[in-house]
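See below for the structure under consideration.
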Amino acid sequence: LRASRIFVAKRRRTAQPVAGGKPPHPAPRRSSLPLALAPFLSPLPWIGPRQICYALLSLSFSHPSTATATAPVSAMVLKTELCRFSGAKIYPGRGIRFIRADSQVFLFVNAKCKQYFHNRLKPSKLDWTAIYRKQHKKDVQAEGVRRKKRAATKVHSRSIVGASLEVIQKRRSEKAEVRAAARDAALREIKERLKKVKDEKKAKKVEVSSKQAKAATKGAAPRAAGPKGGKGAGGGGGGKR
């Protein structure tokens, strides 16, 4: 039924004009094109109204995927670990983790490093480890380039408790001789103070000891020697009664 309808519609469109009559009108065609764009269709017969509408819609509305593609994307920072044996970087999802009986964690980049670690091989004896390369100065040029690229950190001076910013700057600008003389004077003053405290303690100790000696001599005064009681003593002799 559908095929027959299509055939009839095609036949109507391609029908020949009847003699002595008007030509048949073609079937009306629906178009979503505005009437204002109709004059532009005559010089461009190969572009249909539907294509022009799609072009206008694509210009007016941008797809979200194209908008995000043009936006600048920040670089993702990966947290890396270092191999305990070789010193190589271990990226997320890689490496072997070994936990010893004393709860110490060891990370290895592959099974080779793990086996060498368990066999107690020294990484400084193998030329492909980071320790060996550092000892034999293999990466000196690369380290020099890295150091040059580092930005110099600015030290901001500020006041602290007990010293204002002016005092700190003044002491920084002092010469070495002046600073040494001030240090010697401060040390001398401290020594004198300690000596004075020590002499005071010594004098106090001597005074206390002298007072104790005087008190002891007063308490132990010599008694007068008297006749001892006995047979020859006065008061008559006495014996057993």
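Position 1 is the first residue of the sequence; numbering continues from there.
- For the residue pair C83 and F108, the shortest heavy atom distance occurs at SG-CA, 3.6 Å.
- Listed by chain and residue number, R193 satisfy the salt bridge (Lys or Arg N to Asp or Glu O under 4.0 Å) test with E189 (two or more places apart in sequence, or in another chain).
- Nearest heavy-atom pair across P123 and T129 is O-OG1, 2.5 Å.
- Side-chain heavy atoms closer than 4.5 Å link hydrophobic residues (I, L, V, M, F, W, Y) into clusters, and following such links, possibly through other members, connects L121 to F117.
- Partners of Y132 according to the ring-ring contact (aromatic ring centres under 6.0 Å, His included) rule, which considers only residues two or more places apart in sequence or in another chain, are H136.
- The OG atom of S173 lies 8.5 Å from the CZ atom of R179; values are rounded to the nearest 0.5 Å.
- The two residues Q135 and S124 have their closest heavy-atom pair at OE1-CB, 3.7 Å.
- Expressed to the nearest 0.5 Å, how far CD1 of I90 lies from CG of N110 amounts to 8.5 Å.
- Evaluation of the side-chain contact (heavy atoms from CB on, under 4.5 Å) rule for K170 yields no partner, not counting sequence neighbours.
- Scored by the side-chain contact (heavy atoms from CB on, under 4.5 Å) test, L82 finds K89 as partners (sequence neighbours excluded).
- With sequence neighbours excluded, the residues satisfying side-chain contact (heavy atoms from CB on, under 4.5 Å) with D199 are K195.
- No path of Ile, Leu, Val, Met, Phe, Trp and Tyr side chains, each step under 4.5 Å between heavy atoms, connects Y91 with L107, placing them in separate hydrophobic clusters.
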Please list, one pair per line, the donor and acceptor atoms closer than 3.5 Å that link side chains of residues 94-106 to other protein atoms, with sequence neighbours excluded.
residue	atom	partner	partner atom	Å
R100	NE	D102	OD1	3.2
R100	NH2	D102	OD2	3.1
R100	NH2	Q104	OE1	2.7
D102	OD1	Q104	N	3.4

- prompt: Stepwise, does the side-chain contact (heavy atoms from CB on, under 4.5 Å) test hold for K204 with E200?
  reply: CA-CA 6 Å; K204 194 178 287 185; E200 288 179 358; over 6 Å; no

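- Distance check: F85 CZ to H118 NE2 gives 11.5 Å after rounding to the nearest 0.5 Å.
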